[in-house]
Structure formats: structure tokens, C-alpha cells
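Index from 1, following the sequence. Worth knowing before you read on, the calculation uses all heavy atoms, side chains too, and leaves out hydrogens, waters and symmetry mates.
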Amino acid sequence: MALRLWASSTANALRISTASKSHLSPAVSLSRCFSTVLDGLKYASSHEWVKHEGSVATIGITDHAQDHLGEVVFVELPESGRSVSQGGSFGAVESVKATSDINSPISGEVVEVNSKLTESPGLINSSPYEDGWMIKIKPSSPSELESLLGPKEYTKFCEEEDAAH
């Protein structure tokens, strides 16, 4: 049983469909996404997350995004004091696969930048929701949070997006 679970998990992580001809195990199609999606966060369809606490919102890229990017090797972030707009680019992430813009899920003024990412950009891969956060902003329109996806909606969005590719 443990071996079958390991094989299913491995096949799923590699996005492989498996079919067993054994009478003990029916055919199985593995397509479930294993990315972590946290409760208490809001998500943009461009794969950024935001955590709003009091007068500050913390922003980073999702586990799903970092997984698709691969090993992050460089991060470009704005300076404190800069304004960001909902849907607008505020920086970039360079991985071994590609360089991608990072978009802000909400508008506001940058009040803090995660300087740890300059020396250790891989924190985005190892801890996208904790140590790998990117910026903290003072939201100018907190109501923009209502236009973002909740955890269940974001999970469904990722599953549909992965199935289309």
C-alpha cells in the first residue's frame, strides 16, 4: 500500500497518467495539483498572494508559481516609497527556466522590501509564503482585495490552468 501511494504521488508530481491492469486496482488518472494554497490569503490569477493584516499587506508569489518557475536565481524588487498599482508589474523573478514579471494584486505604497532575497533568492522556492515574501505595502484601496481569489477558487483556477496545458 505504501509503495502504491509513493508511486501515485511520484507519478502525480511528474504529471504522468497511470493505468493498472491488475484486477486489484482500477485505472487511475493522476492530475491533482500538489501546490500549497493557504487559508487566510487572497490570490491573483497571475499567481501572486497577498496577506492583509491591519494597515499593511504582504505580497509574494504562490507555491504554484515558484514550482512552475523552477530554481529562482535572481529577484528584482522595488525600493520602499514606490507606488504599485493592482495588476501592474513591481519587479521580476529570474529562474533557471525564465524571467517573469511580478504583478501587484492590490494598489498601494511599498513600505518594506524583503532584502533577504538579494542574497538568497531561493527562499522563494523553499518558503514562498513565509521567508520568501517580496514586499509589504500600505494599501490605497483595500476594497481591491474583494476582487481576488480565495483559496478554493485559486486551487480550482490552478487545476484548470494545468489541465489546459
In Å, rounded to the nearest 0.5 Å, how long is the span from CH2 of Trp133 to CG of Asp131? 10.5 Å
Restricting to non-hydrogen atoms, name the atom on [X] and the atom on [Y] that form the minimum distance, rounded to 0.1 Å.
X      : Y      : result
Val73  : Val96  : CG1-CG1, 4.0 Å
Met134 : Ile124 : CE-CD1, 3.3 Å
Arg82  : Ser89  : NH2-O, 3.2 Å
Pro151 : Gly40  : CG-N, 4.5 Å
Ile59  : Ser104 : CD1-OG, 3.7 Å
Glu48  : Thr62  : C-CG2, 4.0 Å

Hey, does the side chain of [X] reach the backbone of [Y] with a donor-acceptor pair shorter than 3.5 angstrom?
X      : Y      : value
His68  : Gly70  : no
Glu144 : Ser107 : yes
Asp63  : Val37  : no
Trp49  : Tyr43  : no

Any chance the side chains of [X] and [Y] put a donor and an acceptor closer than 3.5 Å?
X      : Y      : result
Glu53  : Thr58  : no
Gln86  : Ser141 : no
Glu161 : His47  : yes

My understanding is that only residues two or more places apart in sequence, or in another chain, count here; which of them pass side-chain contact (heavy atoms from CB on, under 4.5 Å) with Pro121? Val72, Val75
